[in-house]
Amino acid sequence: MKGGSKAAAFETVIPIFRIFDLEKARQFYIDFLGFKENWLHRFAENMPAYVEVERDGFRIHLSEHHGDGTPGSSVYVIMKGVKQFHEEISANDYGYLNPGIEKTFQGTLCVDVIDPFNNRISFNEELLEK
């Protein structure tokens with residue numbers, strides 16, 4: 001059957017971003033972007049971290065494990081309130097990134113951020129006027 005199955009239903013998508021330093025990731029995702037840390041897992045004390053962060057239902061898994069994601073990955077997010085989000089993160093004291101806000105060719109208002117590991121999140125709000 002083309003186009004899917006009546007028995008299957010996608011519920012959510014959680015991107016996995018490769019990170020190399022948990023504290024730098026926390027500075028970016030929690031202190032700068034306003035996510036919260038839901039949980040952290042390590043197989044042993046000195047093993048790589050695997051962390052879930054979340055903001056308003058948008059969850060991301062951050063992994064120090066080799067093979068979990070590729071640095072330089074991108075996620076396209078559709079949201080509401082991108083202007084307010086931009087104002088909020090611009091007011092945070094994060095010296096490594098000062099993202100702008102722009103209207104895109106797709107007819108969205110967009111804020112692009114790049115984490116310390118070169119992973120990109122494009123936060124977009126669909127505009128009524130394209």
Side-chain angles (χ1 to χ4, degrees):
M1 174 201 251
K2 289 186 178 179
S5 164
K6 291 185 179 191
F10 300 105
E11 292 187 10
T12 191
V13 175
I14 303 173
I16 303 172
F17 282 160
R18 179 78 155 94
I19 63 169
F20 300 102
D21 183 313
L22 181 57
E23 289 313 309
K24 285 185 181 183
R26 284 176 169 154
Q27 284 178 335
F28 182 81
Y29 287 97
I30 295 169
D31 299 340
F32 177 52
L33 293 183
F35 282 70
K36 68 177 181 169
E37 187 174 306
N38 286 342
W39 49 261
L40 170 110
H41 176 266
R42 292 181 192 270
F43 286 104
E45 187 175 323
N46 293 325
M47 296 289 290
Y50 193 93
V51 182
E52 181 178 271
V53 296
E54 177 181 4
R55 178 170 174 161
D56 300 319
F58 173 35
R59 293 183 287 167
I60 302 173
H61 287 184
L62 306 173
S63 178
E64 290 181 324
H65 290 268
H66 176 76
D68 280 356
T70 301
S73 296
S74 294
V75 173
Y76 186 93
V77 178
I78 298 172
M79 63 178 291
K80 295 206 182 300
V82 78
K83 284 183 184 178
Q84 295 83 356
F85 176 72
H86 179 257
E87 289 172 7
E88 177 191 324
I89 66 173
S90 295
N92 293 334
D93 187 25
Y94 186 75
Y96 301 103
L97 184 67
N98 184 20
I101 187 166
E102 65 178 306
K103 187 174 178 181
T104 69
F105 72 92
Q106 301 108 315
T108 66
L109 201 56
C110 175
V111 174
D112 274 331
V113 298
I114 302 170
D115 78 5
F117 319 101
N118 205 35
N119 298 301
R120 177 184 306 265
I121 306 173
S122 180
F123 295 97
N124 292 268
E125 182 171 6
E126 295 179 336
L127 300 172
L128 296 177
E129 301 173 16
K130 293 187 180 183

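Just so it is clear, the values below take in all heavy atoms, side chains as well, and ignore hydrogens, waters and symmetry mates.
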TODO: Working to the nearest 0.5 Å, report the span between CG of Leu62 and NZ of Lys24.
DONE: 15.0 Å

TODO: Report whether Leu97 and Phe20 are members of the same hydrophobic cluster (ILVMFWY, side-chain heavy atoms less than 4.5 Å apart, transitive linking).
DONE: yes

TODO: Indicate if Phe58 and Ile30 have the same hydrophobic cluster label, given that clusters are the connected sets of ILVMFWY residues with side-chain heavy-atom separations under 4.5 angstrom.
DONE: no

Task: Shared hydrophobic cluster for Ile89 and Met79 (ILVMFWY, side-chain gaps under 4.5 Å) - done: yes

TODO: With sequence neighbours left out, write down each residue that passes side chain to side chain contact (heavy atoms under 4.5 Å, CB included) with Asp68, or none if nothing qualifies.
DONE: Ile16, Tyr50, Ser63, His65

- [ ] Kindly compute the distance separating CZ (Phe85) from CD (Glu125), expressed to the nearest 0.5 Å.
- [x] 12.0 Å

Open item on the list: To the closest 0.5 Å, what do you measure between CG (Asp115) and CZ (Arg120)?
Closed with: 10.5 Å

Task: Side chain to side chain, Phe123 and Pro99, heavy atoms closer than 4.5 Å - done: no

Task: Tyr76 and Cys110, any side-chain heavy atoms less than 4.5 Å apart - done: no

- [ ] Quick one: do Val53 and Leu33 satisfy side chain to side chain contact (heavy atoms under 4.5 Å, CB included)? Show the steps, please.
- [x] CA-CA 11 Å; Val53 296; Leu33 293 183; over 6 Å; no

- [ ] Identify, with sequence neighbours excluded, every residue that meets side chain to side chain contact (heavy atoms under 4.5 Å, CB included) alongside Ser73.
- [x] Phe17, Thr70, Asn119

Open item on the list: I need the His61 NE2 to Glu54 CD distance, nearest 0.5 Å.
Closed with: 9.5 Å

Open item on the list: Let me confirm one number: the CG-CD1 distance from Asn118 to Ile19, rounded to the nearest 0.5 Å.
Closed with: 14.5 Å

Task: Set of side chain to side chain donor-acceptor pair (under 3.5 Å) partners for Asn124, sequence neighbours left out - done: Thr108, Ser122

TODO: Go through the steps to decide whether Phe43 and His41 satisfy the test side chain to side chain contact (heavy atoms under 4.5 Å, CB included), and finish with yes or no.
DONE: CA-CA 7 Å; Phe43 286 104; His41 176 266; 3.6 Å; yes

TODO: Verify side chain to side chain contact (heavy atoms under 4.5 Å, CB included) between His86 and Lys83, making sure each step is shown before the conclusion.
DONE: CA-CA 5 Å; His86 179 257; Lys83 284 183 184 178; 5.7 Å; no

Task: Summary of salt bridge (charged side-chain N to carboxylate O under 4.0 Å, His left out) pairs that have at least one residue in residues 55-65, sequence neighbours excluded - done: Arg42-Glu64, Glu52-Arg59, Arg55-Glu88

TODO: Nearest 0.5 Å please: distance from the CG atom of Asn98 over to the CG atom of Asn92.
DONE: 11.5 Å

Open item on the list: Among residues at least two apart in sequence or on other chains, which ones pass side chain to side chain donor-acceptor pair (under 3.5 Å) with Glu102?
Closed with: none

TODO: Tell me yes or no: between the side chains of Asp31 and Tyr94, is some donor less than 3.5 Å from an acceptor?
DONE: no

Open item on the list: With a 4.5 Å cut-off on side-chain heavy-atom distances among I, L, V, M, F, W and Y, is there a chain of contacts connecting Phe117 to Val77?
Closed with: yes

Task: More than 12 heavy atoms of other groups within 6.0 Å of Tyr96 OH - done: no

Task: Cluster overlap Val75 with Val113, hydrophobic side-chain contacts below 4.5 Å - done: yes

Task: Heavy-atom side-chain contact between Ile121 and Ile60 under 4.5 Å - done: yes

TODO: Take the angle between the ring planes of Phe32 and Phe28 and call it parallel below 30°, perpendicular above 60°, tilted in between.
DONE: tilted

TODO: Using side chain to side chain donor-acceptor pair (under 3.5 Å) as the criterion, list what pairs up with Arg18, not counting sequence neighbours.
DONE: none

